[in-house]
2 protein chains.
Amino acid sequence: MSTDTNASILKLERFLPYRLSILSNKVSSLVADIYKDKFAISITEWRIMAVLGEYPDISADEISTKTQIEKSILSRSVSRLLKRKLIERELAEDDRRRSVIRLSATGKSVYDEIVPLSYEYERALLQCFSQQEQAQFSALIDQLYEHANSLQV
Amino acid sequence: MSTDTNASILKLERFLPYRLSILSNKVSSLVADIYKDKFAISITEWRIMAVLGEYPDISADEISTKTQIEKSILSRSVSRLLKRKLIERELAEDDRRRSVIRLSATGKSVYDEIVPLSYEYERALLQCFSQQEQAQFSALIDQLYEHANSLQV
DNA sequence: AGCTAATAGTTGCAATACCAACCAATTTAG
DNA sequence: CTAAATTGGTTGGTATTGCAACTATTAGCT
């Protein structure tokens, strides 16, 4: 990590935000290729399906807060997934603004195929770490995320 | 970190690629706002300027490999920076396909303003870590990046 | 030299992202 | 009870992205 705060030159390749971005892009693009090649699903679409696998029958808004997908993007992604019959949607009885979304049977079967692939990929990634390092890294990520959140204006 | 590779449900919020993506977005969007508000410069543009601050008189192609910015995006960003007179460009004498890019005087003064802000931001981010944790986190990022790179098809 | 391949950079186009405006249903406050 | 504010979701406009095709120049091979 860079240490000299008053340096007059920025070493981009050691600058934390840059490094995180590069790392994240690399890690995500590898899975993205898998999802895309085998299932023609984007990362965004997969995230929606993933949340629905975990929490069936939630609203678009709940998906949005859980995945941090912006609501216009979510709306269009949901349309695509509906068109491809990977998810189903109906109006909520109690509040007709809301709708309730869930994986369709097809969607569930795709989900069931992707989940193990995802875990396998994560496992392959983490193979470069010892058990202890995994735990450390995980904790540090959480810690930094919390902190970054608190820096928000 | 998720441990059970055979789980039938994916916990998205504990899935490493997702967590890295969220963290990176958060961390980058905070700096992006600073660059944008104070200097009307995007992250991409800043990265280009940052590399030029470190390595003056390099070609677009060299910038591309150093920043991992795709060359079409780079080309357009360079145009914008030229138009705003933040950088200068001339043809390389030895190879007239290449051009040689550097910060202009204005660009350098903007650079000189942004660098301390960036370091300050990084410092603020890292305040949630002890010295030891910083070193660990940094090492783990490098380690994971190397490994992810090696998983490439 | 002369032809082919490779490289540096630009541009076109389709997909995606983001913001703001919008519609419809519901909640709140007077 | 009703007007205003809020909420869930969609849509429009615009900017950004990413791939591929293209131009121009240089390198390599025979």
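A, B, ... follow the sequence lines: proteins, then strands. Residue 1 opens every chain.
Taking the side chain to side chain contact (heavy atoms under 4.5 Å, CB included) definition, one finds that A/E88 meets it with A/R102, A/S104, sequence neighbours left out. Taking the salt bridge (Lys or Arg N to Asp or Glu O under 4.0 Å) definition, one finds that B/R80 meets it with B/E45, sequence neighbours left out. Considering only residues two or more places apart in sequence or on other chains, A/K66 meets the salt bridge (Lys or Arg N to Asp or Glu O under 4.0 Å) condition with none of them.
For the pair B/L52 and B/I87, the minimum side-chain heavy-atom distance is below 4.5 Å. In this structure, the side chains of A/Y35 and A/S42 stay at 4.5 Å or more apart for every pair of heavy atoms.
Here A/S42 lies out of heavy-atom contact (under 4.0 Å) with every strand. At the heavy-atom level, A/S79 lies nowhere under 4.0 Å from the strands shown.
In this structure a side-chain-to-backbone donor-acceptor pair under 3.5 Å is missing from A/Q143 to B/F129. A donor-acceptor contact shorter than 3.5 Å links the side chain of B/T67 to the backbone of B/I63.
Remark: C1' of C/dG9 and CD1 of B/I69 are 15 Å apart, rounded to the nearest angstrom. Protein atom CG of A/L82 is 13 Å distant from nucleotide atom C1' of D/dG9, rounded to whole Å. The CG-C1' distance, from A/L81 to D/dG9, rounds to 16 Å in whole Å. Counting to the nearest Å, the P atom of D/dG8 and the CG atom of A/D61 are 4 Å from each other. Remark: P of D/dT10 and NZ of A/K83 are 12 Å apart, rounded to the nearest angstrom.
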For this session: Kindly express the pairing pattern of DNA chain D in dot-bracket notation, using | wherever a base pairs with another strand and counting only Watson-Crick or G-U pairs under 3.5 Å.
Result: ||||||||||||||||||||||||||||||
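Only B/R89, B/R97, B/R98, B/S99, listed by number, bring a heavy atom of residues 89-101 of chain B to less than 4.0 angstrom from any atom of DNA chain C.
Side chain to side chain, B/S21 and A/R47 meet the donor-acceptor criterion of an N or O pair below 3.5 Å. Counted by atom type alone, A/S138 and B/R19 present one or more donor-acceptor pairs between their side chains at under 3.5 Å.
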Taking only nitrogen or oxygen atoms into account, show me every contact under 3.5 Å that the protein makes with nucleotides 17-21 of chain D, one pair per line with its distance.
unit_1	atom_1	unit_2	atom_2	d
D/dG18	O6	B/R76	NH2	2.7
D/dC19	N4	B/S72	OG	2.8

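Using a 4.0 Å cut-off between charged side-chain N and carboxylate O, A/R14 and B/D142 make a salt bridge.
Aromatic ring centres of B/Y111 and B/W46: separated by under 6.0 Å.
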